[in-house]
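Working notes for the structure below.
Here is how names work: the chains are called A, B, and so on, in the same order as the sequence lines, proteins then strands, and each is numbered from 1. Only heavy atoms go into these numbers, but all of them, side chains included; no hydrogens, no water, no symmetry mates.
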Amino acid sequence: MVPVVVVHGGSGKALTREEFCKLGVQEAALAGYHVLQQGGSALDAAEAAVIHLENNPIYNAGFGSALNELKDVEMDALIVDGRTLDCGAVAAVRRIANPIALSRLVMEKTNHVCLAGEGASRFAKAMGIKEVSEESLRTEYSIKKWEEARHFNEDSGEESKSGTVGAVVLDSKGDLASATSTGGMVKKMVGRVGDTPVIGCGGFADNLVGAVSATGHGEAIMKVTLSRLVIFHMEQGMSPSQAADTALEYMKTRVKGKGGIIVISKSGEWTAKFTNRRMAWATVKDGILHYGSQHGEHNTRPLANTSGHS
Amino acid sequence: MKPVIMVHGGAYAIPDAFADECMAAVKTAALEGFKVLVSGRSAVDAVESSVRSLEDNPILNAGHGAALNTNGEVELDALIMDGKTLAAGAVSSIKNISNPVTFARSVIEKTEHVMLTGTGADQFADCQGFPRVDTNELISEKERRNWEHRKRYGEGVQEQFNSQWVHDTVGAVALDSEGNVACATSTGGMCNKMVGRVGDSPIIGSGGYADNNIGAVSCTGHGESIMKVTLARLILFHMEQGKSAEEAAEEGLHYMGSRVGGGGGAIVVGRAGDWTARFTTERMAWASVKETTLSYGLNPNQVEVKLLQVV
């Protein structure tokens with residue numbers, strides 16, 4: 001099987017700092033691909049790509065997360081293993097750098113699928129994950145965004161959510177994985193859980209069909225269980241691209257929500273689709289890096305060194 | 001449209017000692033919800049009313065009588081969904097609230113969000129002036145003993161699965177006279193669960209889903225398995241493909257068993273008023289009311305029928 005890594009950095013009306021966003025997703029896709037080249041699994045690669053984006057303060061995940069109504073950071077993340085449908089999620093977790101790594105621990109070290117709030121923090125501590133300060137997760141940009149958004153509304157939501165990050169991966173064994181992480185929406189209520197950590201909404205992966213990671217207006221994504229809907233359309237014979245278009249169109253007409261998705265099928269077909277104005281995405285397949293952020297934009301460049309790169 | 005209400009009181013190996021009380025609870029709750037429907041109110045009102053009735057009954061694991069987490073505390077999850085607009089409200093890991101389903105409904109009505117968790121949800125409850133109860137009021141003697149037993153033997157959730165000690169979720173689905181469907185699900189989760197554990201119940205598409213174009217589903221059983229296959233949405237996908245409520249529920253539950261090894265149950269009402277209660281666990285207490293007939297059951301393939309007096 002030819003391995004594939006697809007990454008997104010969130011969708012929105014305007015991607016402020018668009019060039020940086022485009023760069024970051026390329027680096028993350030390459031980081032995920034590098035893990036595959038070193039013999040890592042789809043799960044390892046998806047996690048690595050998302051950690052890369054969480055650590056990049058330009059995106060709304062990990063460092064640089066959007067601030068809630070009290071100006072604090074509460075993060076959500078989900079990881080899904082397409083082999084077994086095993087998944088791990090954390091919701092409204094605070095003061096850690098990499099929620100995606102914690103979700104993987106929920107999947108691997110507990111009998112549960114999702115841990116929320118203080119329970120998630122307790123678990124992080126028990127796993128020896130270092131606590132980081134609230135201040136370290138804030139950036140000048142996230143503070144500015146918080147000050148600009150007078151109150152939470154759908155519109156600010158859509159824009160401010162430009163930054164949820166996600167990755168889907170197919171490895172050479174044919175295993176699929178999906179990983180998604182976010183700080184949520186600016187000025188969201190304390191304790192608000194968006195689509196990201198909700199299985200079938202923020203992401204899904206099934207070796208028998210494909211893998212999906214979603215971004216956009218979280219409440220709309222949840223109402224239509226967007227990721228599961230895309231997988232369902234693929235089960236019915238649609239290509240990833242048709243399935244993504246159909247599901248996003250349905251979300252727009254049924255609940256008036258916009259968003260974006262990245263998809264890989266079990267045979268390695270992939271797509272990045274969005275109904276917002278922009279979504280930064282990048283893909284690595286067959287030694288070629290693809291990337292873009294506007295509708296119709298599709299850049300490619302060959303990787304300098306496809307094997308043994310370190 | 002002839003209104004329909006269905007409720008369940010959880011799918012597990014319900015011990016004989018509790019069987020009668022469980023059956024009485026689901027019958028009462030179904031009749032409560034049906035009263036709401038015949039008075040001309042909506043499917044959402046009906047499922048809320050049925051689930052409140054189940055939450056108030058200490059024999060069932062939701063609201064009063066909820067299972068205790070590893071710290072011996074009650075943390076509750078609930079979901080309610082309106083099939084007309086797909087609007088949904090969910091709360092997870094909330095404390096000191098006796099009717100989580102009503103609280104979940106206020107998330108739909110008073111916020112722009114779908115789901116609130118933990119302390120944030122508690123703060124919202126305070127802002128809304130939501131009635132708070134003392135934790136001890138929610139703890140039943142039965143659940144306290146259950147928890148102590150569990151603590152003593154250090155049994156994990158895996159072992160509990162399908163054992164007679166797993167008490168599960170409660171739920172309701174309804175179709176109203178205007179053709180709207182709704183679902184509601186509420187639970188205390190698994191006994192001795194980790195603090196902050198969120199199961200399938202508040203998860204849209206897993207613990208429940210409702211869409212006027214298809215029907216409504218509420219699920220119960222091994223939460224982690226239900227989530228992995230997004231069971232409620234899966235059953236509705238099958239119905240969208242032309243399967244009957246019964247075939248769809250059978251297929252969804254069978255798939256869950258074979259793919260991820262989990263047992264559970266589901267109640268389903270289709271947009272045309274067809275309904276079913278299916279489960280792969282030993283028992284599930286359920287009841288439904290349509291026209292003048294109260295149907296109910298506990299064991300596989302058991303359907304008892306009682307004619308109601310015409311009002």
Which atom pairs, donor and acceptor, lie under 3.5 Å between side-chain atoms of residues 85-94 of chain B and protein residues at least two apart or in another chain?
| residue | atom | partner | partner atom | Å |
| --- | --- | --- | --- | --- |
| B/Thr85 | OG1 | B/Ala87 | N | 3.1 |
| B/Ser92 | OG | B/Thr117 | OG1 | 2.7 |

Determine the minimum heavy-atom distance between A/Ala116 and B/Val198, stating which atoms define it. CB-CG2, 3.7 Å
CZ/A/Arg94: more than 12 non-hydrogen atoms of other groups inside 6.0 Å: yes
Do you know the tightest heavy-atom contact between B/Ile204 and A/Cys201? CG2-SG, 3.9 Å
Of all of A/Cys114, A/Gly119, A/Gly117, which one pairs up most often with chain B through heavy atoms under 4.5 Å apart? A/Cys114
B/Asn71 side chain reached by A/Arg122 side chain, heavy atoms, under 4.5 Å: yes
With rounding to the nearest 0.5 angstrom, report the CE to CD distance, A/Met107 to B/Glu224. 13.5 Å
When rounded to the nearest 0.5 angstrom, what distance separates CE in B/Met194 from CG in A/Leu115? 4.5 Å
More than 12 foreign heavy atoms under 6.0 Å from NZ of A/Lys71: is that the case here? yes
Is it the backbone or the side chain of A/Val224 that comes under 4.5 Å from a heavy atom of chain B, or both, or neither? both
Could you tell me if the side chain of A/Phe232 sits less than 4.5 Å from the side chain of B/Leu234, heavy atoms only? no
Are side-chain heavy atoms of B/Arg197 and A/Thr110 found at a separation under 4.5 Å? no
With a 4.5 Å limit on heavy-atom distance, are the side chains of B/Phe237 and A/Arg228 in contact? yes
side-chain contact (heavy atoms from CB on, under 4.5 Å) with B/Ser186: which residues, sequence neighbours excluded? B/Val51, B/Glu55, B/Ala62, B/Ala78, B/Pro100, B/Val170
Anything in residues 123-132 of chain B with a heavy-atom distance to chain A below 4.5 Å? Please list those residues in order. B/Gln123, B/Phe124
Report yes if some heavy atom in the side chain of A/Glu118 is under 4.5 Å from a heavy atom in the side chain of B/Thr119; otherwise report no. yes
Sub-4.5 Å heavy-atom contacts with chain A: which residues of residues 238-245 of chain B show up? B/Glu240, B/Gln241
Toward chain B, the part of A/Gln236 with a non-hydrogen atom under 4.5 Å: side chain
Does the side chain of A/Glu219 reach to within under 4.5 Å of the side chain of B/Glu112, using non-hydrogen atoms? no
Looking only at heavy atoms, which two atoms of B/Met115 and A/Met222 are closest? And how far apart? CB-CE, 4.0 Å
To the nearest 0.5 Å, how far apart are OG1 in B/Thr111 and NZ in A/Lys188? 13.5 Å
Given B/Lys228, which partner from the list A/Asp206, A/Asp86, A/Ile199 fulfils the side-chain contact (heavy atoms from CB on, under 4.5 Å) test? A/Asp86
